[in-house]
Amino acid sequence: MKPDSITKRNYSTLSKAFDRFNRELFEGALPKCLITFQRIRKTRGYFWQEAIRVRRGKTRLDEIALNPDCFPSRSDREVMSTLVHEMVHLWQAHFGEPGRRGYHNRPWADKMEQVGLRPSTTGKPGGHRTGERVSHYIIRGGRFDEVWGVLHREGVRLQWESTPRQRTDRDKVKYTCLGCKKKKRVQVWGKPGLEGRLECTECGEPLVEALPRYRMRYRH
């Protein structure tokens, strides 16, 4: 298979899924955006508003990224639910009420349930619907489940995923507090897996893994 056909098939699958979910779950209202693969530790996907601009003009586009490192342990259905999770952020940025930077608020949670995904900080029943880091689980028989069922029967499949890699003990992760003001945020370096186990010395909020600075970015 030629390299160009691999790229075309991979992204055409995501494009087809995006268009169908947009039509069936959002009444076709969502604007076009760029869908990419990005590797960010402990993040299944993210939405970044106006992340892309045309090189010789003023047009800007939003970006939805999926992390292929998370694909091996998840089904196509689950990966596609992450796509729709980020599409809800896209809807919120243009038609809803965005929360403060990176915060998953109640209007977002309500829209998630409307499209068939139950927001949860744990990714399971019983988790909080709102917060800085909010995952979800699929509502069985909900709208997302129905639309994905049609796509699956039509033969839509993800073709590629990351090759498993071994992490070395030398890897370090930067943790930061999102509760404090930007100039006063506590930031520390530590081994992977400490997110939520460290507390800010200023406000007592749990520290989360730091991300590069973005104008608006929601990670899942």
Side-chain angles (χ1 to χ4, degrees), residues 14 17-19 21-38 40 42-54 58-67 79-123 127-139 142-144 147 175-185 187 195-196 200 203 205-220:
L14 295 174
F18 177 94
D19 290 342
F21 288 133
N22 185 18
R23 183 168 68 250
E24 300 295 337
L25 302 181
F26 300 90
E27 299 180 346
L30 298 185
K32 292 293 184 181
C33 72
L34 182 66
I35 302 175
T36 64
F37 280 174
Q38 301 286 349
I40 296 181
K42 296 181 68 173
T43 300
R44 292 174 176 170
Y46 67 73
F47 166 73
W48 182 3
Q49 187 175 16
E50 295 186 345
I52 307 298
R53 68 178 184 181
V54 67
K58 298 181 179 180
T59 301
R60 295 175 181 266
L61 290 176
D62 305 322
E63 177 187 14
I64 287 176
L66 301 177
N67 185 355
V79 173
M80 288 299 182
S81 76
T82 293
L83 173 62
V84 173
H85 177 124
E86 306 308 336
M87 290 173 70
V88 175
H89 286 305
L90 175 62
W91 169 86
Q92 186 180 35
H94 291 270
F95 307 106
E97 302 174 29
R100 66 177 185 271
R101 180 183 178 275
Y103 189 81
H104 298 71
N105 60 13
R106 185 173 296 178
W108 170 85
D110 292 342
K111 187 65 174 180
M112 284 282 286
E113 293 187 351
Q114 182 183 332
V115 302
L117 302 177
R118 188 88 67 192
S120 168
T121 50
T122 65
H128 295 296
R129 298 173 71 242
T130 61
E132 297 290 347
R133 293 290 298 272
V134 183
S135 185
H136 67 267
Y137 59 94
I138 300 168
I139 300 174
R143 295 182 65 196
F144 166 82
V147 178
Y175 299 93
T176 186
C177 175
L178 297 182
C180 295
K181 292 184 178 180
K182 185 175 181 180
K183 293 183 179 181
K184 297 182 178 180
R185 285 179 182 166
Q187 296 184 334
E195 182 168 278
C200 175
C203 69
E205 288 291 317
L207 301 185
V208 300
E209 189 173 328
L211 295 176
R213 296 177 181 176
Y214 296 127
R215 177 178 176 183
M216 179 182 291
R217 176 157 152 179
Y218 298 89
R219 56 177 179 162
H220 158 48

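Each residue takes its place number in the sequence, starting with 1. All values below come from the heavy atoms of this structure, side chains included, with hydrogens, waters and symmetry mates left out.
- Atom OG1 of Thr122 and atom NE2 of His136 lie 12.0 Å apart (nearest 0.5 Å).
- Of all heavy-atom pairs spanning Asn22 and Ala29, the tightest one is OD1-N, 3.4 Å.
- Checking Arg143, Arg106, Arg118 one by one against Glu113, the salt bridge (charged side-chain N to carboxylate O under 4.0 Å, His left out) holds for a single residue, Arg118.
- Tested against Met87 for a side-chain contact (heavy atoms from CB on, under 4.5 Å), the candidates Leu30, Ile35, Leu25, Thr82 yield a single pass: Leu30.
- One distance of note links CD of Gln92 with NZ of Lys111; it measures 11.0 Å at 0.5 Å rounding.
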Please assess Glu132 against Val208 for the test side-chain contact (heavy atoms from CB on, under 4.5 Å), listing each intermediate value before the final yes or no.
-> CA-CA 9 Å; Glu132 297 290 347; Val208 300; 5.5 Å; no

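- In terms of heavy-atom proximity, Ser120 sits nearest to Gly127 at OG-CA, 3.3 Å.
- At distances below 3.5 Å, not a single donor-acceptor pair connects side-chain atoms of Glu205 with backbone N or O atoms of Cys200.
- Remark: the backbone N or O of Thr43 is paired with a side-chain donor or acceptor of Asn67 at under 3.5 angstrom.
- A donor-acceptor contact shorter than 3.5 Å is absent between the side chain of Asp62 and the backbone of Phe47.
- Centroid-to-centroid, the aromatic rings of Trp48 and His89 stay 6.0 Å apart or farther.
- Between the Thr59 side chain and the Val54 main chain, no donor and acceptor come within less than 3.5 Å of each other.
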Going through the distances and angles, do His85 and His104 end up as a side-chain contact (heavy atoms from CB on, under 4.5 Å)?
-> CA-CA 11 Å; His85 177 124; His104 298 71; 4.0 Å; yes

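- Residues Leu14 and Phe37 approach most closely at CD1-CE2, 3.6 Å, considering heavy atoms.
- Trp108 contributes atom CH2, which lies 10.5 Å from atom OH of Tyr103 (distance to the nearest 0.5 angstrom).
- Considering all non-hydrogen atoms of both residues, Leu61 and Lys32 come closest at CD2-O, 3.7 Å.
- With a 6.0 Å radius and a threshold of 12 heavy atoms from other residues, nucleotides or ligands, His94 has its NE2 atom above the threshold.
- Rounded to the nearest 0.5 angstrom, Glu63 CD and Leu34 CG are separated by 5.5 Å.
- Paired with Val147 under the rule side-chain contact (heavy atoms from CB on, under 4.5 Å), one option of Glu24, Met80, Arg23 passes, and it is Glu24.
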Could you check Ile139 against Phe144 for side-chain contact (heavy atoms from CB on, under 4.5 Å), going step by step and ending with a plain yes or no?
-> CA-CA 8 Å; Ile139 300 174; Phe144 166 82; over 6 Å; no

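- Looking at every heavy atom in both residues, Pro31 comes nearest to Phe95 through CD-CE1, 4.3 Å.
- With rounding to the nearest 0.5 angstrom, the CZ atom of Arg133 is 7.0 Å from the NZ atom of Lys42.
- The two residues Thr130 and Ala109 have their closest heavy-atom pair at CG2-CB, 4.4 Å.
- With values rounded to the nearest 0.5 angstrom, Glu50 atom CD is found 13.0 Å from Cys33 atom SG.
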